[in-house]
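To keep things clear, I will list the structure first and then write my remarks on it.
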Protein chains: 2
Amino acid sequence: MTTLSQVAQHAGVTSATVSNVLRQRGKVGEETRARVLAAVEALGYRPHLTARALAEGSAPTLALMVASIANPFYPEFALAAEQAARQHGRFLIVCNTNDDPDIGRAYLDQIAGTLSDGVLVMNAKLRVDDLKMTQRRGAPVVLGMWEKPHEPPGLPCVAVDFHLAGALAARHLIALGHRKIGILFGGGASCIHSERERGFHDALAELGHSDAVVRIMHVHDSVEGGLSAGAEMLADGLVTAVFATNDLPALGMLHAAADLGIKVPQQLSVIGITDIQSARQARPALTTVALPTEQAAAMSIALLLELIANPSLGSPMRTAEAPQLVVRASTAVVPKRRLKRRSD
Amino acid sequence: MTTLSQVAQHAGVTSATVSNVLRQRGKVGEETRARVLAAVEALGYRPHLTARALAEGSAPTLALMVASIANPFYPEFALAAEQAARQHGRFLIVCNTNDDPDIGRAYLDQIAGTLSDGVLVMNAKLRVDDLKMTQRRGAPVVLGMWEKPHEPPGLPCVAVDFHLAGALAARHLIALGHRKIGILFGGGASCIHSERERGFHDALAELGHSDAVVRIMHVHDSVEGGLSAGAEMLADGLVTAVFATNDLPALGMLHAAADLGIKVPQQLSVIGITDIQSARQARPALTTVALPTEQAAAMSIALLLELIANPSLGSPMRTAEAPQLVVRASTAVVPKRRLKRRSD
DNA sequence: GTGAAAGCGCTAACAT
DNA sequence: ATGTTAGCGCTTTCAC
């Protein structure tokens, strides 16, 4: 390993000078500068980021807390977050909490404020107390996707209008004539998905179709969850459309329909929320409400960096662009039979 | 932030003693020990990992270099790697190189040996020279999945027998009676996939069916790549089975078949390699050759840690368990018609 | 058993 | 324009 002072020695100057030329700080003589640069080159010097961090009192990394990077939603967010961090000269440490608040806390305890300057949370399964305590220790925390733009969480966050996302799904289904709708409610009772479901119901009410929801099932937020619940929901042939609060169960529903020989979208419409990669790739391609995932990731990193630079900012809430309906091949107008049946 | 010396002061001892009780090192008096622990508790002290790293001359993080964490293959590997690292008290920095050797080099330059003690590479798009130089600087490098167990790469690695993976696919297809086989060759010409393809061909030769491959197409290693190539490959209805060197194009092929109204597996068999999550979830579920992804990740981390502890180990190669054929719903015996046609 | 002191590699005043 | 001098928070000999 080559150190600053070795470079200094080689260049016949002192390490402070080397530091200065490397960080373009104080004015350094043109000739000295060249000599230093040559020494850096000759010795293959690379700054020791850990030492620099200690001296500067700040770390070059940010922590990203997710339930599991293997969940198909996170990688897209993580990629965008890492790129954004990278552009600001920061590295990203990925922390999988496995939805266990204790693992999350252990992570926060260890790295927040020591190894990482800030924490980006994309996982609701962390205790708010732990997050606040992390903040108090001096490491900013931002919530990567807060579901209620109109109800700040008391922590810095980037809000995404999940209520609207649900509403968009409802309007789409109603516009297609669906009046017998099933809901696949993912991710546990008191979670982020409830806002989506509320948006769905509210839109239904606005449109005068509050009674259109004929089935609601809570499912594990996964393809498998949607698959098993789907088989049950589809059994009696009542519903003509299914709204899943997330793409994964929606995809599972697609499979359930296929297994039962039910044609999508001819006999059944399916809509999800998020627009993950596999939604585009599914057969039929999934109609869904796209979330501004990448934008939210980039905004989160930007906010985090601002908070690190200026901790007195409080708990600002930034709002990402609105979710957007993406119509693909899994939704269509309600089959005639169903429309008739409804009128009796 | 609470520092060691603050704790020391609070406990009426010196920081060396606090350090000792915290790291269970030198013998500390039972009574002092209790007092220190109480102070730690009272002040909410957490060790500053960066400072510790600098003092110890080693970092608590490992770097994982991947092309893109958003590629469906990497998250599973990354999760396993992070868990393994975690169990050894290490954190994982994820570096997306976007298949750009220059980005990879920039990463290596910056973090290897300073922020991270070692580098796990899951991406062939890094220059070997850069990796060797990283090693020379004192940061061990391990290749997460080396494709040739019988040809060590000159760098520490965990080998997975990709030749066998290809062979297993071939034997399966031949056993089912397929004699008109198309190959979707993913990931660029001189890449990791060539070993799989070679394994496929070698097995064919062994079985006396070298002429069974009637189409070979190079495709982008993605669902889209398989989809577009698939449409073309299937156009004339010649092939009865398709071997894709990776699951992603295999999945794309499934879609291409669906789009053309070709039934899988009744009219067409499709087999991939890897066994990513979506292979299980596809309809029909994809027959594939499962790679020991998680084991390779865990072994890679273990090897990396060994090398960090003992740099004089050289370039050991560990071999992960053999790939395994996983028969699901996308392959079946060749349709009769095809068998007949072959005999004319 | 506990303390004193040096130092990890770098930064940032402050001198000169 | 360059050098001197303190640290950053922790670990680790080496004395006592």
Side-chain angles (χ1 to χ4, degrees), chain A residues 1-37 39-40 43-61 89 110-117 137-139, chain B residues 1-37 39-40 43-60 89 109-117 137-139:
Chain A
M1 238 222 67
T2 312
T3 71
L4 247 204
S5 64
Q6 289 176 320
V7 174
Q9 200 172 344
H10 189 106
V13 294
T14 186
S15 56
T17 303
V18 178
S19 178
N20 279 337
V21 356
L22 256 28
R23 345 195 63 236
Q24 344 254 39
R25 200 163 291 268
K27 336 84 212 288
V28 182
E30 195 44 55
E31 194 249 344
T32 330
R33 167 184 198 68
R35 209 147 25 90
V36 168
L37 256 17
V40 164
L43 271 45
Y45 169 79
R46 300 284 177 270
H48 195 297
L49 265 28
T50 297
R52 174 178 288 180
L54 185 60
E56 284 181 331
S58 81
T61 74
Q110 292 190 81
I111 58 181
T114 71
L115 236 198
S116 287
D117 267 359
R137 278 226 198 80
Chain B
M1 239 222 66
T2 312
T3 71
L4 246 206
S5 65
Q6 289 176 322
V7 173
Q9 200 172 345
H10 189 106
V13 294
T14 185
S15 55
T17 303
V18 178
S19 178
N20 279 336
V21 356
L22 256 28
R23 345 196 63 235
Q24 345 256 36
R25 202 162 291 269
K27 332 93 213 286
V28 182
E30 196 44 57
E31 194 247 345
T32 328
R33 166 185 199 69
R35 210 146 26 91
V36 167
L37 256 18
V40 164
L43 271 44
Y45 169 79
R46 299 285 177 271
H48 194 298
L49 265 29
T50 297
R52 175 177 289 180
L54 186 59
E56 284 181 332
S58 81
D109 263 6
Q110 292 189 80
I111 57 182
T114 71
L115 237 199
S116 288
D117 267 358
R137 278 226 197 79

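Note that this is a predicted model, so its numbers are computed, not measured. Protein chains get the first letters and strands the later ones, always in sequence-line order, with residue 1 at the start of each.
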Open item on the list: Can you identify which nucleotide, out of C:dT11, C:dG9, D:dA1, has its nearest atom closest to the A:T3 side chain?
Closed with: C:dG9
- [ ] Taking atom CD of A:Q6 as the centre, report whether more than 12 heavy atoms of other residues, nucleotides or ligands fall under 6.0 Å from it.
- [x] yes
TODO: State whether B:R52 places a side-chain N or O below 4.0 Å from either non-bridging phosphate oxygen (OP1 or OP2) of D:dG9.
DONE: no
Open item on the list: Distance check needed: D:dT11 C1' versus B:N20 CG, whole Å only.
Closed with: 9 Å
Task: Selected nucleotide, minimal atom distance to A:S19 side chain, candidates C:dT11, C:dG9, C:dG1 - done: C:dT11
Open item on the list: Are B:T17 and B:V28 packed together at the side-chain level, in the sense that at least one heavy-atom pair is separated by less than 4.5 angstrom?
Closed with: yes
Open item on the list: Can you tell me if A:T32 touches the phosphate of D:dT2, counting only side-chain N or O atoms and a distance under 4.0 Å to OP1 or OP2?
Closed with: yes
Open item on the list: By nearest atom, which of the nucleotides D:dT2, C:dA5, C:dG9 is closest to the B:A16 side chain?
Closed with: C:dA5
- [ ] Take B:L22 and B:Y45 through the test side chain to side chain contact (heavy atoms under 4.5 Å, CB included) and record every step on the way to the result.
- [x] CA-CA 11 Å; B:L22 256 28; B:Y45 169 79; 3.5 Å; yes
Task: B:L43 CG - D:dG9 P separation (whole Å) - done: 14 Å
Task: Validation row: A:T32, A:V21 side chains within 4.5 angstrom (heavy atoms) - done: no
- [ ] Would you kindly give the CD-to-C1' distance between A:Q24 and C:dT11, to the nearest whole Å?
- [x] 15 Å
Open item on the list: Let me spell it out: for each of B:E56 and B:R35, pick the nucleotide of DNA chain C with the closest heavy atom. Which residue's pick is nearer the 5' end?
Closed with: B:R35
Task: Candidate nucleotides D:dC10, D:dG9, C:dC10, ranked by approach to the side chain of A:L54 - the nearest - done: D:dG9
- [ ] Taking all heavy atoms of A:R35 and all of A:G12, pick out the closest pair and write down the distance.
- [x] NH1-O, 4.1 Å
Open item on the list: Over all strands shown, is A:T114 touching base, sugar-phosphate only, or nothing at heavy-atom distances under 4.0 angstrom?
Closed with: nothing
TODO: Let me know the distance between CZ of A:R23 and C1' of C:dC10, rounded to the nearest Å.
DONE: 9 Å
Task: Separation of atom CD in B:E30 from atom P in C:dG1, rounded to whole Å - done: 11 Å
- [ ] Measure from the side-chain heavy atoms of B:A55 and tell me the nearest of C:dG7, C:dT11, C:dA4.
- [x] C:dG7
- [ ] Could you please name the option among C:dC10, C:dG3, D:dG3 that lies closest to any side-chain atom of B:V13?
- [x] C:dG3
- [ ] Mind calculating the distance between CD (A:Q6) and P (C:dC8) to the nearest angstrom?
- [x] 11 Å
TODO: Tell me what A:G29 touches on the nucleic acid: a base, only sugar-phosphate, or nothing, going by heavy atoms under 4.0 Å.
DONE: sugar-phosphate
Open item on the list: Side chain of B:T17 only, heavy atoms from C-beta on: which candidate in C:dT2, C:dG7, C:dG9 is closest?
Closed with: C:dT2
Task: Rounded interatomic separation in angstrom, taking CG from B:L49 and C1' from D:dT11 - done: 13 Å
Open item on the list: Could you tell me if A:T61 and A:S116 have a donor-acceptor pair between their side chains, going purely by distance under 3.5 Å?
Closed with: yes
Open item on the list: I want to verify a distance call: between D:dT12, C:dT2, C:dC10, whose nearest atom is closest to the A:L4 side chain?
Closed with: C:dC10
Task: Nucleotide D:dT11, atom C1' - distance to CG of B:L22 in whole Å - done: 12 Å
